[in-house]
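Not measured: the values here are computed from a predicted model. Residue numbers start from 1 in every chain, and the chains themselves are labelled A, B, ... in the order their sequence lines are given, proteins ahead of strands.
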Amino acid sequence: MQNEIVLAVDGLGKTYPNGTEAVKGVSFDLRRGEIHAIVGENGAGKSTVMKMLYGLEQPTTGRIAVAGQQVRLTTPQDAIDLHIGLVHQHMMLLESLSVAENIALGAEPVRGPFLDRAKMNREVAEVAATYGMNIDPAATVARLAVGQKQRIEILKVLYKGARILLLDEPTAVLTPQETRDLFKAIRGLTELGMTVVFITHKLVEVKEVADRVTVMRDGQVTGRVEPRDVTVAKIAEMMVGRPLSHKPAERRSPDLPASVTARDLTLIGLDGRVRLNRVSFDIRPGEILGVAGVEGNGQAALGQVLTGLLEPAEGAARIGGTVFTGRGVAAARALGIAAIPEDRIHDGIVTDMSIEENFVAAEYRNPRFSRRGIRDRNAVNAATREMIAAFGVKTTSEQTPIGALSGGNMQKVVLGREFTTQPRFLIAAQPTRGVDIGAAEGLRQQLVDLRDAGTAVLLISADLEETIALSDRIIVLFKGQIVAHFRAEEADENVLGLYMLGAERKAGANGCIDQQPEHAHV
Amino acid sequence: MTIVEFFQTLLTASFFAAILRAATPMVFAALGGLISELAGVINVALEGMMLIAAFFGVVGSTWAASVWPEASPLFFALVGAAAGLGAAMLLALVLAVFYLEFDANLIIAGVGINILAAGLTVFLLFSISGDKGSSAGLTSFALPTLPLRLLQDIPVIGGLFAGANGNGHHVLVYAALLAIGLVWVFLHKTRLGLRLRAVGENPDACRTVGVPVKRIQYVAILLSGFLAGLGGIYLSMGYLTLFQANMTAGRGFLALAAIFLGARSVFGTAGAAAFFGLASVFAAQLGLLDVPTAVVFSVAPLVTILALLAFAWRRQRRTRAQVAAELITLNARRKDTPDAQA
Amino acid sequence: QDIQSVAFFVNGTLGDKSFFDSAQRGMDRLGGELGLETRTIEAGFDPTRWESALVDLADSGEYDTIITGTFTMVSYVEQLSQEFPEVNFILFDGIVNYAECGCENVHSILFKQNEGSYLAGVLAATLTTETTDSLNPDPVLGFVGGMEIPVIQDFFVGYKAGAESVLTGPTMLEQYANNFGDPAIGKEIALAQYGQGADIVFAVAGGTGQGVLEAAVEQGRLAFGVDSDQAAIFAESNPEIANRIVTSVLKNVDNALVSAVTRIQAGENLFGTAEAQGLETGGVGLAINDVTRAYVSAETLSRLDEIAAQIIDGSIEVPTAF
Amino acid sequence: MSSIAGGQGSVLQEVIKTLVVIVIGLLIGMVIVLFISEEPTKVFDAILTGPLPSASTLDDGTVRWRGMTRFGTFLEDSITLALVGLAVAIPFRAQQFSLGADGQMFLGALASAVVSIYLPLPGIVLIPLAFLAAVIAGFAWGWLPGVMKARAGANEIVTTLMLNVIAIQFFIYCVTFLMLDRQAGFIVTPFFQDAAILNPLIHRTNVTWMIAVAPLVCLLAYLFLSRTNMGYELRVVGQNPAFGRRMGMPVDRTVALSMALGGAAAGMAGFHIANAILKRLPSDFPAGLGFEGIVVALLARNDPRLILPAALFYGYLRAGAQVMERTTDVSREMVLVVQAIIILLIVSENLLPRLGQWIGLGRSAR
Ligand SMILES: Nc1ncnc2c1ncn2[C@@H]1O[C@H](COP(=O)(O)OP(=O)(O)OP(=O)(O)O)[C@@H](O)[C@H]1O
Ligand SMILES: Nc1ncnc2c1ncn2[C@@H]1O[C@H](COP(=O)(O)OP(=O)(O)OP(=O)(O)O)[C@@H](O)[C@H]1O
Ligand SMILES: [Mg+2]
Ligand SMILES: [Mg+2]
């Protein structure tokens, strides 16, 4: 039974209309009851394969067979009919609708043309209970935490009767605890005879939970292994095509006075919710302060306040003694604040504009690049070339629209732009999110170099491993408050996780240097 | 006439009837526009759809009378209504195909549809009747006025159902009132309505759960054509009994504004459309007070703009108040439990 | 001067049921009865195109005579008549300034719509007092104009004077729709005027006026039409409406054009002169048809004839808006 | 909707695509003409060569040019179209769907008229002053919905449509009650002072030095967008306002500015119509030109460099259509229909591939 093949792909290929050959001759099979991981660098074609299995994209070559029958999947409905379900890499939720409506959408119970809301709520509650994911069917999605939203995504698929679950990077935004819960739920599903495919960039997870791994690189399958048999380093090598030297950043805590001091930052959201509650911390020049927290607990808000996008209701942050919060982005930037936004595509670039015009966005008013409001395009061009060389951006020309670059290269341009301003304080939100291992290493090194040049850095990352590896000190945010403050070398993922989930808290914790960081003994 | 007299005329049942009359075409068109707007498809072509329906309503009824001369006028009118609605939906289909299949920019395609309707109606009018101005030379038939005796007999409010001269309102006036409720039920109680709103909010999310996004947008655009068509045939087969070149006179654009003025809700939109009806009745009657018509015609657009600003202002003030209030409770809490911090 | 080919330049489009259509009937007669080569050019409603279209027409050299109407065209005709001395212009419902421009090749035709309207005012006042089912004991008369311009106001001035010659202090409701093409507004205004107790509403508003006629049907009241015999227009297609149009104040542009051209053909030199067409020449008048006779007693009709005669002989002087 | 901000894809590719679509649109128009006209060759001749002047040799050997007026109409029209096209294209670049060119043009013309009628100044001051007044009026009337959008999030499609109504009614009010020429016999202002009227460069036309101004303005718009910081901000904000905000750009000001600049161009169009063409303002000033501006902006893909060619092309088409409706049996309404079809085809980004797909159904199914 364990070896029954429920789905097989053979020689699958996909060329997008724009000519990108995203997938080339991929073959693999899925067995009943297994957890099958797919790993690979950014742009390796993992999501594309999933989309083809779900009828969102049509393969240009190759065959898909479900339960031994060759099938053609032209719409998601075809896949749903074959009990295949996809949980997207990005959340696909209707924020203004209820949990039940989200879960049932596409297969709503009806009486005639009318929705049978009572039945819908009942059924959703039943499904949730069956799979041990309790959730209020009537709640509005917009009000839920990320972990809960993730659960809705999975319930959506289960509600429609999926037996093969395709999960595209489900753990990217979860804490270790939430991840563990998720894995437990997945295990439960496979014990019921379901098959789970999951994509991830976190190789430790693969080792932890997967029965089998398929490794992809450049649109092709480069390895098929059982994780029991290999090391993480080996899988990474298969992904990247070369061995990775994984040396943690060298720490040096300078004994200088803090250059950035934030005191009692309080932010109240437009809906009246408290987003930040008296957040205080210091950062020395040449120091990285890490922020750990589950999404939705104030990290994004903190970044937005510090970059000048939002005005705090109370409190202020100073740089070299000058207040820079609550005065707008331009004022903050003028004082040497730079920021890497967490949502690269949405906030970090203009996809249709050239690398050059994206690069100059932070400093176009600098006399280096314009005089009396007239742009100096030669200067911009020269500086862009310099940055491209320095950061190793892979592109044919500085005039290429940035949207044509891969995610990792886009991020290099974003970092390049912010670093070129020689900031005194950098807020780096998710600097390597969704970037593959190889590129991420490079970006981290750049960050460390910047720190070594004397910049104060606030690092906001959902990747705890990264936070611990790069930071000098770490604060944990929970419901908008700092609940713990650690020296990084004393932090540990599991302990951080407990604080992030609110299971533990240190009363009156803050991130100031005069407050002695705690030791990580619980 | 004095101001006092003027306001006395305002408080009569016939004034109420006048508002209903004037509002009906815009209520229909605005509800139609709302449906497509909620499905993520802003319909700038309401004007053209109304116009073409108005035209084919008249022509259809005339044609029916010439083909089946022995049938009843009501039958002619019904054939006309069907022709008008069909034409409006056909035009909606054109918009849908260009937007959904050919990726045409929605707003500009809408503008194109309006030009098409303006040109085509006059061209056909001339081909059919040899007249470019109006269909006065054609015998056309109106849909009837319906007295609802039972309702009219209710004391006090019965007068509202009396219509202009005790014969009740036009069937399409009742239909417009009914349509408000039906559209609400459709949007909030049916499966298609739920899907339609979902498509408008996040089409990608819908696609991944197998909701046929494009098909639903087709339905939404066609429905908006149907409702705008009702507004159109009301103009030429109810409000008036003729077609006149460009007789919609901007009502489709006002309907579009009503959607936003009504904050994209069914009742808000209908209310805003009713307000525009009120404004146009005022425009007609204020003339008696020697107020320049130019001033009167500016009232509705001015109110729309002021209302949009007031909404924004109120929203901002409310959130500011909310933030302030929350800050106070937060500080109070901090004082009560000083050791939340320590 | 011999006229062989005539072009009618419309600064708008045909189909107004008003003087453009009437002028077009004149053109048809020029082509049919006089055998002239005719052509009608509809220049549309965009005023930025009128001047160049008119110049183009004159410049083409294809027509020896250009007919055009309304005061809007006056300044263009004044200018072109000098530039194209070889072309003849006939201008109706407008007059060039002969003292200033010379305009030896322009014949202007004006209409004394106030005279026709005066008769309409007399008739309306008589009807409203004769009608027993009048809602309002005080006589109220309505008037819906397309735009507040002298030519339209001239109708009202005559209408009012006529009514006041019969009644003392009748309430005259005067309203302008600001639009010649929105019948819905016309209907709304007319309904309001009927609501004020008007028994009769006089519509001088082109397409907007058709809404007035519909309001008359709906309210079971009466209306007066304008320019053409509007009862005749609706007699077949919509007798219900026709039966509400007691009369129309005629502006016989067709007659005026045909007569002018005929006289010129006969050798009379009308160019360089202006003529006013009033009751006397038959340029304006009241339409008397079956509907009229159904509502109006024979003695009233003959009284109208008497008044018309008095206007013609000058014993009654009708005020004007000009 | 992102396609409207323009600027992506190679210019050449876009131009070729546009040309193909125009040809298709014209072919469809011609097929329609074949059905409804009894003199189709005359119709085609009118539409294709109608706007051009023709020379004929008289008996005495002198050459007489006819149809200079038509040619002039074509040029005058193209100037107006280029300016209203720009009025639409600039806000579009900032992703603002301004439909307000009409109202802005009305007020521009009105402001120019006030100066041109009432200020007793010599031409050398008067004309620039009238021009400036028109530009400022248009600018202000464009800025208004811009601020409302930026500050209050008021949908600009709705506000500009409403502001059009207000502007037009205000215009009518002014002409009817405040500036009326009582001698004229219709609702119109007095003629402008001679000093305020632009002199024609070509006899029997209203082609004036605005023919140099329009291209210059297009060039300035291009330089503004590509060479200045504000133009850069405008493009960035148009493509991704959230990004602009994070870079510290004055997003609200830029949104308002884009609409205001569009308004300024529309104001210039108003000046052109008032001081070069009409020389006085009637109350029935032409409405709807703003929509023509959309067509021009679209043809030019919102690129100021292409606005002029697009305006010339469209102006030629319109002038030809006018000749057609005046000299043949095809009516003006048919021209509208063909125009609408061309608009629909041009905006169809995906027309050719999709048609290809439909025609080659068998192939794509495989
Ligand atoms: N709709 C599309 N059109 C054109 N190219 C695309 C499209 N979607 C993806 N691609 C390209 O196909 C390649 C594979 O993309 P895919 O999303 O499958 O990568 P992935 O392995 O899921 O990467 P990641 O880890 O970043 O999610 C990439 O080069 C990407 O740029
Ligand atoms: N006071 C405010 N003024 C304006 N916008 C606000 C305010 N507070 C919150 N927002 C908006 O609400 C969004 C969500 O804020 P929230 O505080 O939930 O983010 P967060 O908790 O930091 O998110 P996460 O950590 O999950 O990324 C913010 O991105 C911001 O755009
Ligand atoms: Mg992916
Ligand atoms: Mg957060």
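- Interface check for chain B: of the options C:D21, C:T13, C:L14, the most heavy-atom pairs under 4.5 Å are formed by C:L14.
- Between the OG1 atom in C:T208 and the CD atom in B:Q244 there is a gap of 7.0 Å [rounded to 0.5 Å].
- Of all non-hydrogen atoms in C:K187 and B:G238, the two that sit nearest each other are NZ-O, 4.1 Å.
- Residue contact with chain B, scored on non-hydrogen atoms closer than 4.5 Å, involves the backbone of C:A177 exclusively.
- Contact detail for C:A184 and B:L240: the closest heavy-atom pair is N-CD1, 3.6 Å.
- Heavy atoms of other residues, nucleotides or ligands lying less than 6.0 angstrom from CD of C:E33 number more than 12.
- Counting only heavy atoms from C-beta outward, the side chains of C:E214 and B:T241 approach each other to under 4.5 Å.
- Between C:F234 atom CZ and B:L242 atom CG the span is 7.0 Å, to the nearest 0.5 Å.
- Every residue meeting the salt bridge (Lys or Arg N to Asp or Glu O under 4.0 Å) condition with C:D46, not counting sequence neighbours, appears here in chain and number order: C:R49.
- In this structure, the portions of C:I189 lying under 4.5 Å from any heavy atom of chain B include both its backbone and its side chain.
- C:E236 touches chain B through its backbone: at least one of N, CA, C or O sits under 4.5 Å from a heavy atom, while the side chain does not.
- Distance check, rounded to the nearest 0.5 Å: CD1 of C:I185 to CE of B:M247 gives 12.0 Å.
- Rounding to the nearest 0.5 Å places CD of C:Q210 at 11.5 Å from CZ of B:F243.
- Counting heavy-atom pairs closer than 4.5 Å to chain B, the top residue among C:P183, C:G195, C:G206 is C:P183.
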